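First the proteins, then the strands, lettered A, B, ... as listed; each starts at 1. Just so it is clear, the structure is predicted and the values come from calculations on it, not from any experiment.
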Amino acid sequence: MGLKNLTGLVLLSLAVIVLPYALPDFYFKLIQIGIYALICIGLSLLLGYAGQISLGHAAFYALGAYTSAILTVRYGWSPWLAVWVGIGLTIILALAIGIPSLRLQGHYLAMATLAFGEIAFVVATAWVALTGGPSGFGHIPKWNVFGYRLVPPRADQAIFYFVWAAVILGLLVALNLINSRVGRALRAIHDGEQAADVLGIPTATYKIKIFVLSAAYASVAGSIYAHVSGYVNPGPFSVEHSILFITMVIVGGMRTVWGGVAGACLMGLLPELLADLEHWRFAIYGLILLIIMMFIPQGILLGVRDLIAWSLEKLPFRKADSPGETE
Amino acid sequence: MTPDAILEVRELSKRFGGVHALEGVECIVPEGQVFAVIGPNGAGKTTFFNCLTGVTRPTTGSIRFQNRPLAGLPSHRIAEAGIARTWQTIRLFEHMTVLENVLVGCHTRGSTGFPGAILRLPSQRREERRLREAAMNHLQRLEIAHLAHRPVSSLPFLQQRRVELARALAAEPKLLLLDEPAAGLNTRETGQLGELILSIREQGLTVLLVEHDMSLVMEISDQVLVLDHGVPIAEGPPRQIQENEKVIAIYLGSEAL
């Protein structure tokens with residue numbers, strides 16, 4: 001997958017291991033952010049590599065969460081099994097949405113997923129017998145990892161490691177996919193659908209498959225969320241959340257899966273960092289997002305990279321070096 | 001089907017609303033030849049290519065490639081059957097490097113799917129090495145191997161042309177469609193292109209060529225088909241076409257305008 005990505009994964013792993021010790025009062029805020037990051041990795045595969053928009057990822061997130069919650073609470077299943085049922089249901093629904101809308105060119109997927117997102121939210125709210133309605137239901141069992149029950153708050157560190165291990169695994173899967181024949185085909189579709197088709201790439205099939213994979217990421221994130229929080233209700237699964245995920249991906253930079261992680265971290269932490277500003281914080285938050293979208297359209301991750309490259313080129317010490325090389 | 005014909009087109013018509021872009025086009029392209037399609041602007045040459053590659057669906061008519069019917073198949077099936085093309089206006093994947101563009105051209109030469117890619121199976125890594133080697137060979141052949149890792153959008157026009165040709169060749173097609181490959185080239189470059197096309201033919205590929213540069217067409221083509229307003233008006237070896245009165249009339253007529 002290339003040295004850069006491998007280095008990135010190693011550095012991220014080290015950061016994850018060290019963080020609970022380095023910032024003991026802070027790291028647990030990254031648990032929810034890690035769950036968002038997992039969704040955003042999947043979404044960036046769809047958005048950045050296949051050029052398709054899903055406005056229903058919060059619904060797949062909900063599908064994973066509710067499937068895990070219902071199977072473990074009502075039927076006493078193991079969380080490890082429930083995740084797979086969530087993925088299975090998500091694949092079926094994503095195929096049902098993706099096949100008709102992705103066979104057509106244009107943004108039909110956005111419309112279909114928007115409708116699906118709304119329907120899922122209504123079902124989660126109104127089907128009280130199944131979902132517990134607006135108040136949801138709790139007592140969802142915790143993950144049992146190698147004999148350790150992950151129970152907050154004492155086990156925050158274990159949960160943190162568990163969530164971020166999932167993020168790193170999610171990154172690994174996405175990076176493997178991108179740096180392959182399949183990944184090149186997806187990027188080709190994004191750049192020129194007709195040219196890709198004429199080179200032998202079945203564009204509709206590829207778009208459907210990447211949409212299904214992307215939805216599966218959200219479903220896994222939902223299952224993890226249910227067991228980490230121990231409680232589900234419709235609140236975190238509204239269409240506004242779908243839009244939040246898209247914003248995270250765009251802010252982070254959608255032409256790299258790392259951007260999904262960066263965007264989730266930045267947008268997840270900004271409200272925290274701005275908390276001292278009290279009621280001004282929403283205005284500042286909006287302003288920062290606006291500035292990023294307007295001036296760094298490639299996202300913060302590539303923006304920072306470009307900035308470093310630019311300063312290395314422009315800074316005076318570089319100029320002083322160059323005559324030395326000619327001697 | 002005629003023996004040794006790789007492509008046989010019968011009664012091919014394409015209408016866009018009331019416009020007859022192609023009307024009753026017929027041709028038999030023998031294997032291993034350079035077959036040129038010429039005609040004034042708007043003669044339907046690109047529409048003809050689009051029908052052959054599944055970009056547009058012919059209204060009526062049949063296309064047989066190596067004895068298999070192609071009309072109505074989606075583009076990627078036609079590509080799998082062994083037809084590759086370049087475009088009149090370059091259509092490269094602009095966010096990718098030169099090598100990556102050519103690797104996309106190799107798509108039909110590989111088989112790795114989603115599971116193989118995600119799990120990074122040994123078979124996938126072997127295939128990746130094989131494709132990279134093949135792609136580099138195609139770049140070397142077109143003398144752009146040193147640009148392999150450059151973003152394709154940073155290259156000048158002429159080199160983008162070469163990348164597009166390398167990408168089409170990377171599919172290892174049996175029939176190569178070139179849509180005005182000499183556009184924007186000077187005389188010397190056109191000469192080199194002619195030699196390249198002939199060397200592609202040497203390797204056993206059949207080349208279908210749409211071109212405005214008449215000296216190039218007359219020099220390298222085995223057979224020429226002339227279209228005017230979507231209608232075939234003449235077909236034959238270059239020498240015969242040059243002396244055909246209908247053809248002369250069309251070209252003089254269009255130049256007189």
Can you name the ring pair (Phe, Tyr, Trp, His ring centres under 6.0 Å) partners of Tyr36(A), sequence neighbours left out?
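Tyr36(A) satisfies ring pair (Phe, Tyr, Trp, His ring centres under 6.0 Å) with Phe245(A) once adjacent residues are dropped.
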
Which residues in [range] have a heavy atom less than 4.5 Å from any heavy atom of chain A?
{"range": "residues 71-79 of chain B", "value": "Ser75(B), His76(B), Ala79(B)"}
{"range": "residues 100-107 of chain B", "value": "Glu100(B), Leu103(B), Val104(B), Gly105(B), His107(B)"}
{"range": "residues 128-153 of chain B", "value": "Glu128(B), Leu131(B), Arg132(B)"}

For residues Arg120(B) and Asn176(A), report the shortest heavy-atom separation together with the two atoms involved.
CD-OD1, 3.3 Å

Closest non-hydrogen atoms of Arg187(A) and His95(B), given as atom of the first, atom of the second and distance, are NH2-O, 3.6 Å

Counting heavy-atom pairs closer than 4.5 Å to chain B, which one of [options] comes out on top?
{"options": "Ser180(A), Gly192(A), Gly200(A)", "result": "Gly200(A)"}
{"options": "Leu213(A), Asp197(A), Val198(A)", "result": "Asp197(A)"}
{"options": "Thr203(A), Val182(A), Val173(A)", "result": "Val182(A)"}

Might you confirm whether atom CZ of Phe114(B) has over 12 heavy atoms from other residues, nucleotides or ligands at distances under 6.0 Å?
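Yes, because the 6.0 Å sphere around CZ of Phe114(B) holds more than 12 heavy atoms from other groups.
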
At a heavy-atom separation under 4.5 Å, does Ala196(A) approach chain B through its side chain, its backbone, both, or neither?
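Contact with chain B is through both the backbone and side chain of Ala196(A).
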
Ile210(A) portion near chain B, given a 4.5 angstrom heavy-atom threshold
both

Contact origin within Arg125(B) toward chain A - heavy atom pairs under 4.5 Å
neither

Using a 3.5 Å distance criterion without hydrogens, assess whether the side chain of Arg181(A) forms a donor-acceptor pair with backbone atoms of Thr112(B).
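Checking the backbone N and O of Thr112(B) against the side chain of Arg181(A), a donor-acceptor pair under 3.5 Å is found.
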
